[in-house]
Amino acid sequence: MSDRRPHQYPKFSSPDEARTHMKQRMAAAFRLFDRFGFNEGVAGHLTGRDPEHPELFWVNPFGMSFGLIRASDLILVNHEGEVVEGDWPVNTAAFAIHSQIHAARPDVNSAAHTHSPYGRAFSTLGKTLSPLTQDSCAFYEDHALFDDFTGVVLDVEEGKRIAHALAGNKAAILRNHGLLTVGTTVDEAAWWYITMERTCHVQLMAEAAGDPISIDDECARQTHSQVGGKLAGWLSFQPLYDKIVHEQPDLLE
Ligand SMILES: [Zn+2]
């Protein structure tokens, strides 16, 4: 962390500056996903729409550990699934899902999906999250269930169906598969992912222990407006970013 001033939402004077910022945020998000145990073999991806060429997106190199990714390791992919910058291949599933989400949602600049354990466990229940806690209200009336599973997502038609199920929400539960979150920034998409995984964990524990009390609809809706907005999502990522950069500064390279 270079200074200890309060966080300010970033502004950029050039696409280059915006791109560098975004790629560093992505590398930090991967290091955090690694720390939190979201990796499962070669599964999982986080994308960032290029600030200058909105039809292109940055993504993790297929097969590289989340825990080793530096900003300079990210690869740039076009909407045909071709790598236009970088030497590593792209995960076919990453392309099939994320290209369709970025195409369907011009407001989405970043999307995250992994096979994290609690999200994966929750996804088998075929239901959405209940408003059980203040934090879970970030997803109240703001996430969808993709109520289907037909194997590894390898073609863009399946990605289109996932994007259709996601609709205007910030997240989707992919049945028998895992979680997917989106944001206007990488910070937001990554934070929603981290807190959604924990929200699944909490609901699984609460329901295993007893019969949890839900927050009533009106209060859940109001709490969503307090903790579920874009700025709240962005801000929540900042302390995690500062700490992981402090501990693993090579991610910025
Ligand atoms: Zn997957």
Side-chain angles (χ1 to χ4, degrees), residues 1-4 7 9-78 81-95 97-99 101-102 108-116 180-194 197 233-234 236-253:
M1 190 162 71
S2 58
D3 60 53
R4 288 182 181 264
H7 296 289
Y9 201 81
K11 292 194 187 89
F12 305 106
S13 50
S14 71
D16 267 351
E17 205 187 330
R19 184 180 297 114
T20 299
H21 177 92
M22 189 186 74
K23 290 171 71 179
Q24 291 180 337
R25 298 281 150 161
M26 288 178 69
F30 282 117
R31 301 292 179 103
L32 289 162
F33 284 10
D34 177 69
R35 169 162 299 179
F36 297 141
F38 296 173
N39 37 19
E40 179 79 16
V42 296
H45 12 93
L46 169 73
T47 48
R49 192 193 292 277
D50 188 77
E52 191 174 10
H53 306 287
E55 72 285 6
L56 305 178
F57 58 87
W58 296 90
V59 66
N60 45 313
F62 183 42
M64 186 182 288
S65 168
F66 290 178
L68 298 176
I69 293 175
R70 300 166 302 176
S72 56
D73 292 319
L74 298 169
I75 58 174
L76 185 63
V77 176
N78 67 19
E82 297 157 346
V83 177
V84 297
E85 194 175 320
D87 299 327
W88 283 60
V90 61
N91 182 337
T92 307
F95 165 68
I97 299 173
H98 291 244
S99 68
I101 288 166
H102 285 292
V108 165
N109 292 316
S110 182
H113 163 69
T114 81
H115 295 181
S116 51
L180 171 79
T181 61
V182 300
T184 50
T185 57
V186 169
D187 307 55
E188 221 188 293
W191 170 253
W192 296 139
Y193 196 92
I194 291 163
E197 167 73 2
W234 174 84
S236 296
F237 185 72
Q238 304 315 307
L240 287 80
Y241 177 82
D242 291 342
K243 185 141 187 285
I244 199 76
V245 169
H246 179 73
E247 292 171 1
Q248 303 181 24
D250 67 301
L251 71 87
L252 299 174
E253 288 166 18

Query raised in the report: How many angstroms lie between atom CZ of Phe237 and atom CG of Leu32, to the nearest 0.5 angstrom?
Result: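 So the gap between those two atoms works out to 5.5 Å.
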
**Report entry** Distance (rounded to the nearest 0.5 Å) between Arg31 CZ and Gln248 CD
**Finding:**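 Here the interatomic distance stands at 5.0 Å.
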
Query - Single hit among Asn109, Val186, Leu56, Thr184 for side-chain contact (heavy atoms from CB on, under 4.5 Å) with Arg49 - result: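 Exactly one candidate clears the test, Asn109.
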
Any side-chain heavy-atom pair of [X] and [Y] under 4.5 Å:
| X | Y | answer |
| --- | --- | --- |
| Val83 | Pro89 | no |
| Leu74 | Met26 | yes |
| Ile101 | Thr47 | no |
| Asn39 | Thr114 | no |

Residues which pass ring pair (Phe, Tyr, Trp, His ring centres under 6.0 Å) with [X], listed by chain and number, not counting sequence neighbours:
| X | value |
| --- | --- |
| Phe66 | Phe30 |
| Tyr193 | Phe33, Phe38 |
| Phe95 | none |

Partners of [X] by side-chain contact (heavy atoms from CB on, under 4.5 Å), sequence neighbours excluded?
| X | answer |
| --- | --- |
| Pro10 | Phe12, His21, Trp234 |
| Ser236 | Trp191 |
| Ser14 | Asp16, Glu17 |
| Ala93 | His45, Asn91 |

Non-hydrogen atoms of [X] and [Y] that approach each other most closely:
| X | Y | answer |
| --- | --- | --- |
| Pro51 | Met22 | CD-CE, 4.4 Å |
| Asp73 | Leu68 | OD2-O, 3.8 Å |
| Ala27 | Ile69 | CB-O, 3.9 Å |
| Leu251 | Ala28 | CD1-N, 3.7 Å |
| Pro61 | Trp88 | CB-CB, 3.4 Å |
| Gly183 | Ala189 | N-CB, 3.7 Å |

Test of understanding: with salt bridge (Lys or Arg N to Asp or Glu O under 4.0 Å), list the residues that count as partners of [X], not counting sequence neighbours.
| X | answer |
| --- | --- |
| Glu253 | Arg70 |
| Arg35 | Glu247 |
| Glu40 | Arg120 |

Requested in this report: Provide the full list of side-chain hydrogen bond (donor to acceptor under 3.5 Å, both in side chains) pairs with a residue in residues 51-60, sequence neighbours left out, each pair given once.
Outcome: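 Residue pairs with at least one partner in residues 51-60: Arg19-Glu52, Asp50-Trp58.
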
Report task. Output, in order, the C-alpha distance, side-chain angles, deciding distance and verdict of side-chain contact (heavy atoms from CB on, under 4.5 Å) for Val90 and Phe62. Result -> CA-CA 5 Å; Val90 61; Phe62 183 42; 5.7 Å; no

Report task. Go through the steps to decide whether Arg25 and Leu46 satisfy the test side-chain contact (heavy atoms from CB on, under 4.5 Å), and finish with yes or no. Result -> CA-CA 11 Å; Arg25 298 281 150 161; Leu46 169 73; over 6 Å; no

Query - Selection residues 84-94 - residue pairs positive for salt bridge (charged side-chain N to carboxylate O under 4.0 Å, His left out), sequence neighbours left out - result: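 Salt bridge (charged side-chain N to carboxylate O under 4.0 Å, His left out) check on residues 84-94 returns no pairs.
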
Query raised in the report: Sub-3.5 Å donor-acceptor pair from the side chain of Gln24 to the main-chain atoms of Leu252, do we have one?
Result: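 Yes, because the side chain of Gln24 sits within donor-acceptor range (under 3.5 Å) of the backbone of Leu252.
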
Report task. Classify the angle between the aromatic ring planes of His115 and His113 as parallel (below 30°), tilted (30 to 60°) or perpendicular (above 60°). Result ->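 Correct class here is perpendicular.
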
